[in-house]
Amino acid sequence: LSRQELDVIHEIPLYRPFVEKWAQVESFQARPDDLLISTYPKSGTTWISEIVDMIYNDGDEEKCKRDAIFNRMIYLARNAKDVAVSYYHFYQMAKIHPDPGTWDEFLGKFMAGKVAYGSWYDHVKGWWEKKKAYRILYMFYEDMKKDPKREIEKVLQFLGKDLKEEVVNKILHHTSFQEMKKNRTANYEMMPAWAMDHSVSPFMRKGMSGDWKNYFTVAQNEIFDAHYKEQMKGSTFRCQMEI
Ligand code: A3P
């Protein structure tokens, strides 16, 4: 893409308020066995998709295709600070995004919801509320890091699938960070360099919880925490920030 074409893409607002997006989810004509996977960017979309693909294909990685979507919904949340750090790196490597500026500038935009896909706060709270009325398996990246097998088993139960122990172990291995980092498809290595520049940052970057501590200054952390409290006021949503 030329500089001018990229500038045009960067002008397109990618974010819509949660209520508008939810209206699209509700009006979608899903087949009974459809499954919707939803996440805010950089929360482990690729990870949970790979797990579900493996489950649907009984642990056969050759058969995995990425075309499933709902009736049942899986939502995956990740703590806001790690999402912000991961998103900053993604903004730099995925050229569809405008220049994120400095980390401090990007963090300000993230907190204000002025990033692609809008406000993290709005997204996680919105889906958290919807799980009261809909069949949503609400998962957390931090839980998946801590005990991936238990979380895969939750997905299996939710999908009504029963797989042999050895198949579950195979899925566990195939969807580990080390394996997915080697997986060219999961790592989006087929994307042309003008779209994703892996030399700036690999897609499978660190895959850990708590990396935010390497980026947030004490002052940024204080401002962020106060703003977080304000944004999440009235919601019972909780996630693990202190790893
Ligand atoms: P980091 O940038 O913190 O490393 P998404 O797929 O929603 O864009 O999310 C990408 C983030 O999920 C990246 O985070 C990536 O490394 C992480 N991720 C992907 N697969 C993972 C896995 N198997 N285990 C742990 N983290 C994983």
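As the structure lists them, so they are numbered: ligands from 1, and atoms in each ligand from 1. Here the structure is a predicted model, which means the values were calculated and not measured. FYI, side chains are in, hydrogens and waters are out, and symmetry mates aren't considered; it's all heavy atoms of this structure.
Residues D225 and K81 are paired through a salt bridge, judged by an N-O separation under 4.0 Å between the basic side chain and the carboxylate.
Residues satisfying the side-chain contact (heavy atoms from CB on, under 4.5 Å) test with D162, not counting sequence neighbours, are none.
Not one N or O on the side chain of Y121 forms a donor-acceptor pair closer than 3.5 Å with the backbone of E230. Checking side-chain atoms of Y141 against main-chain N and O of S209 turns up no donor-acceptor pair under 3.5 Å.
Note: H123 and Y75 meet the aromatic proximity criterion, with ring centroids under 6.0 Å apart.
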Can you give me a line-by-line list of nitrogen or oxygen pairs between ligand 1 and the protein shorter than 3.5 Å?
{"unit_1": "ligand 1", "atom_1": "2 (O)", "unit_2": "S86", "atom_2": "OG", "d": "2.6"}
{"unit_1": "ligand 1", "atom_1": "2 (O)", "unit_2": "R205", "atom_2": "NE", "d": "2.8"}
{"unit_1": "ligand 1", "atom_1": "3 (O)", "unit_2": "R78", "atom_2": "NH1", "d": "3.3"}
{"unit_1": "ligand 1", "atom_1": "3 (O)", "unit_2": "R78", "atom_2": "NH2", "d": "3.0"}
{"unit_1": "ligand 1", "atom_1": "3 (O)", "unit_2": "R205", "atom_2": "NH2", "d": "3.0"}
{"unit_1": "ligand 1", "atom_1": "4 (O)", "unit_2": "K206", "atom_2": "N", "d": "2.7"}
{"unit_1": "ligand 1", "atom_1": "4 (O)", "unit_2": "G207", "atom_2": "N", "d": "2.7"}
{"unit_1": "ligand 1", "atom_1": "6 (O)", "unit_2": "T45", "atom_2": "N", "d": "3.3"}
{"unit_1": "ligand 1", "atom_1": "6 (O)", "unit_2": "T46", "atom_2": "N", "d": "2.9"}
{"unit_1": "ligand 1", "atom_1": "6 (O)", "unit_2": "T46", "atom_2": "OG1", "d": "2.5"}
{"unit_1": "ligand 1", "atom_1": "7 (O)", "unit_2": "K42", "atom_2": "N", "d": "3.2"}
{"unit_1": "ligand 1", "atom_1": "7 (O)", "unit_2": "S43", "atom_2": "N", "d": "3.2"}
{"unit_1": "ligand 1", "atom_1": "7 (O)", "unit_2": "G44", "atom_2": "N", "d": "3.1"}
{"unit_1": "ligand 1", "atom_1": "7 (O)", "unit_2": "T45", "atom_2": "N", "d": "2.8"}
{"unit_1": "ligand 1", "atom_1": "7 (O)", "unit_2": "T45", "atom_2": "OG1", "d": "2.3"}
{"unit_1": "ligand 1", "atom_1": "8 (O)", "unit_2": "K42", "atom_2": "NZ", "d": "2.9"}
{"unit_1": "ligand 1", "atom_1": "9 (O)", "unit_2": "G44", "atom_2": "N", "d": "3.2"}
{"unit_1": "ligand 1", "atom_1": "14 (O)", "unit_2": "R78", "atom_2": "NH1", "d": "3.1"}
{"unit_1": "ligand 1", "atom_1": "14 (O)", "unit_2": "S86", "atom_2": "OG", "d": "3.4"}
{"unit_1": "ligand 1", "atom_1": "16 (O)", "unit_2": "R205", "atom_2": "N", "d": "3.4"}
{"unit_1": "ligand 1", "atom_1": "23 (N)", "unit_2": "W47", "atom_2": "NE1", "d": "3.3"}
{"unit_1": "ligand 1", "atom_1": "23 (N)", "unit_2": "T175", "atom_2": "O", "d": "2.9"}
{"unit_1": "ligand 1", "atom_1": "26 (N)", "unit_2": "Y141", "atom_2": "OH", "d": "2.7"}

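In this structure, K131 forms no cation-pi arrangement with W127, as its terminal cationic atom is not both closer than 6.0 Å to the ring centre and no more than 45° off the ring axis.
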